[in-house]
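Every chain is numbered from 1 and lettered A, B, ... according to where its sequence line falls, protein lines coming before strand lines.
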Amino acid sequence: MPDLAPPLIAWYRDNARDLPWRREGFGAWGTLVSEFMLQQTPVARVIPRLEEWLSRWPTPADLAAAPPADAVRLWANLGYPRRALWLHRAATEIRDRHDGMVPRDVDALLALTGIGDYTARAVAVFAFGDRHPVVDTNTRRVLARAVEGRSQPRPPAKADLAAMAAILPEDDGDAAVVNAAAMELGAVVCTARTPRCEACPLADLCAWRAAGYPDTGDDRRKQARYEGSDRQARGAVLKVLRDADGHVAPAAAVIAEWPDPQQRDRAIDSLIVDGLVEAVDGMLHLPR
DNA sequence: AAGGCGTGGAC
DNA sequence: TGTCCAAGCCT
């Protein structure tokens, strides 16, 4: 297998985007918050919310001291609002278990609410400079094409970590750059739909290109339809409560015009189960 | 382990 | 238009 690290490192040095979390001394808390926000959410939508969030809650203890409702409100339209709740819980856990300091150890990070294989290693590598494989959807696509010769990656699997580890250089700093470079390449060149292969630093080494860009299929699971879904109903309920500015809203008045009342009630119930909504005497509000 | 979970831009 | 996609995690 060709060594992908040198061309990735050289390309990243000249082509990395200037993003807030790549600034010198951005801090582990900032990195952690950015990674939560970036889970399934585009960079351009994250940046303004991130600045606002860190300005308001500069440390985990600051966030832990705030009501969860404030976190859900500031999360605004980033989507998947459970992440706001999970980030608030993680901040509380960091305060209570780690003296308010973001832990450096991968297992300690994995034990925090809302942190999985990707986020734990992203923090350990990008905030602390340690040597671990970091695998996100971009990395999976780059490896699938360059190494396996596939047009799209297989569904995420634990084996992905070993595949990334196999191309990491020995040096911690170089390994961190290769992790970042694989993600960056997947984000701006080796994209899902219209890859810019003419601008790819791995073109000469790419197994997919060598094979003539075959369509090898895509067995990843597809997103469920959003229009008419419970998720859409949940989103509508939560938007009303976010905009209620601290006041509670009668359950019946929340999206009263929703076409399917049973679905509306089901959405409210599931939001309560998730802890995103609290009900008192039939009145709803964000969690205090 | 397979499915649930937001939101909006691009094509 | 509808479909795809976006630095995943949880149960």
Within residues 112-137 of chain A: residues closer than 4.0 Å to DNA chain B (heavy atoms): none
Using the C1' atom in both, what is the distance from C:dC4 to B:dG6, to the nearest Å? 15 Å
Starting the side chain at C-beta, find the nucleotide from C:dA7, B:dG6, B:dA10 nearest to A:E35. C:dA7
Confirm from the modelled atom types if A:R221 and B:dG4 form a donor-acceptor pair under 3.5 Å, side chain to base only. yes
Side chain of A:P42 only, please: which of B:dG6, C:dA7, C:dA6 is the nearest? C:dA6
Which residue pairs pass the side chain to side chain donor-acceptor pair (under 3.5 Å) test with at least one member in residues 196-211 of chain A, sequence neighbours excluded? none
What's the CH2-C1' distance between A:W21 and C:dA7, to the nearest Å? 8 Å
Can you measure A:R89 atom CZ to C:dT11 atom C1' for me and round it to whole angstrom units? 13 Å
Using heavy atoms to find the nearest nucleotide of DNA chain B for A:A224 and A:K239 separately, return the residue whose nucleotide is more 5′. A:A224
Under 3.5 Å, side-chain donor or acceptor atoms of residues 176-189 of chain A against the rest of the protein: list the pairs with distances, not counting sequence neighbours.
from	atom 1	to	atom 2	distance (Å)
A:N179	OD1	A:V134	N	2.9
A:N179	ND2	A:H132	O	2.8
A:N179	ND2	A:A175	O	3.2
A:E184	OE1	A:R17	NE	3.4
A:E184	OE1	A:R17	NH2	2.9
A:E184	OE1	A:R22	NH1	3.3
A:E184	OE1	A:R22	NH2	2.8
A:E184	OE2	A:R17	N	3.0
A:E184	OE2	A:R17	NE	2.8
A:E184	OE2	A:R22	NH1	3.4

Give me the distance, rounded to whole Å, that separates C:dA7 from B:dC11 when you measure between the P atoms they each carry. 15 Å
Nearest-Å distance, CZ (A:R141) to C1' (C:dC4)? 12 Å
Please report the distance, rounded to the nearest Å, between CE in A:M183 and C1' in C:dA7. 4 Å
Take A:Q40 and A:R225, find for each the nucleotide of DNA chain C with the closest heavy atom, and name the residue whose nucleotide sits nearer the 5' end. A:R225
Looking at A:R231 and B:dG4, is any side-chain donor or acceptor paired with a base atom of the opposite kind under 3.5 Å? no
Do A:W29 and A:W57 have their ring centres less than 6.0 Å from each other? no
Using atom CD of A:Q223 as one end and atom C1' of B:dG6 as the other, report the distance to the nearest whole Å. 9 Å
Does the B:dG6 base have a donor-acceptor partner in the side chain of A:T41 within less than 3.5 Å? yes
Please report the distance separating the C1' of C:dC5 from the corresponding atom of B:dC5, rounded so that it comes out in whole Å. 16 Å
